[in-house]
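Starting off with a structure, shown below.
Both counts, for ligands and for their atoms, begin at 1 and track the order of listing. These figures come from a predicted structure and were not determined experimentally.
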Amino acid sequence: MEVFDKIDELLKEILSLQPASADELEQFRIRFLGSKNIIKPLFAEMRNVEASQKKSFGQSLNNLKEKAEEKYNSIKGSLNGQDGSAQNLDIDLSLPSIPDPLGSRHPVSIIMNRVINIFEKIGFGVEEEREIEDDWHNFTAMNTPEDHPARDMQDTFYLKNSTKYLLRTHTSSVQARVMTSQKPPIRIIAPGRVYRNETVSARSHCQFHQVEGLYIDKNVSFADMKQTLLYFAREMYGAETRIRLRPSFFPFTEPSAEMDVYWGLKTELDHKITKGTGWLEILGCGMVDPNVLKNCGIDPEVYTGYAFGMGIERQAMLKYKIGDIRLLFENDVRFLKQFSSTI
Ligand code: DAH
């Protein structure tokens, strides 16, 4: 059928034409949409079309018209952008824009990210876990007995009307989460926020951040832990940094230790923050207690491991010489702005 061929031909033309200027677009409009457009006379052909084909003929013609309109509108829209028809608008497009004020990283995030990077480099994965914990993961699994003072209502934030759910008091709860859901070898760090019912003062707060570390495998030794922590201290505080481990006690490790880094004793401030010793405590650590492994379904006859936990605020305060922990949680922009040059 000749008129059908004609319609096809026009459709191809409409789809392939790309009017590139206002003039060309006007030619397009006159040809396909103007009062004497090329589509109009085709409608008169309707009476020559067989009855069975009338419907599809009508639809093809309408489609042709629609396609021409669509093309016209879209090209008109894009040409408007370029050809200065915005000149009529009462704005000066050459003015520089008003920049959005850029924020900066929070000092806690800066330190947290550094710690994470240091451990990621030696193959520790990152586990982020819930802040609302049950007492099993926070205490029981971690070998902390029922009568331990940390379990006291006065020491810990329990959820309303609950003695089971609480805001985790340390990231050690993630140890239990990971050991009950993954099989050794396990090598993770767990950064996050923790809560304690403490009176807020310049030195302590009811919320703070920790990074937990856990390494479980066959034949993991205390020497492995010490070497890993020495690597951490040197990455964090400089290649010459010295560390020492002092015996300590934590219910979930045996033996347990606290790690100090040597800070120096040159200035009066050094004396003050190291209490005259030159050493600064930065984390707790130890070999995972066999009871903890058992509680989490790991055979202590086959596997051993070490764990550590460090506070982040304290390290941020040392690094940036911040004298009051409360500043870290007030979000005063004048305080936060001072870290905008640090990444
Ligand atoms: N959870 C302890 C705290 O909040 C810190 C800690 C000490 C974590 C020794 C450990 C560890 O994993 O082995 O004070």
Rounded to the nearest 0.5 angstrom, the CZ-CD1 distance for F232 and I122 is 10.0 Å
Closest contact, heavy atoms only, I243 versus L229
CD1-C, 4.5 Å
Indicate yes or no: at least one non-hydrogen side-chain atom of M179 is less than 4.5 angstrom from one of L214.
yes
Contact set, ligand 1, heavy-atom distance under 4.0 Å, ordered by chain/number, equals H170, S172, Q175, R196, Q210, E212, F250, F252, T253, G284, C285, G286, A307, F308, G309
Tightest non-hydrogen contact, residues R193 and E131, listed as CB-OE2, 3.7 Å
For the pair D155 (side chain) and N197 (backbone), establish whether a donor and an acceptor sit closer than 3.5 Å, ignoring hydrogens and angles.
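Side chain of D155 to backbone of N197, a donor-acceptor pair under 3.5 Å: no, none is there.
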Please tell me whether H170 and F252 form a close aromatic pair, meaning their ring centres lie under 6.0 Å apart.
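Yes, the ring of H170 comes within the 6.0 Å limit of the ring of F252, centre to centre.
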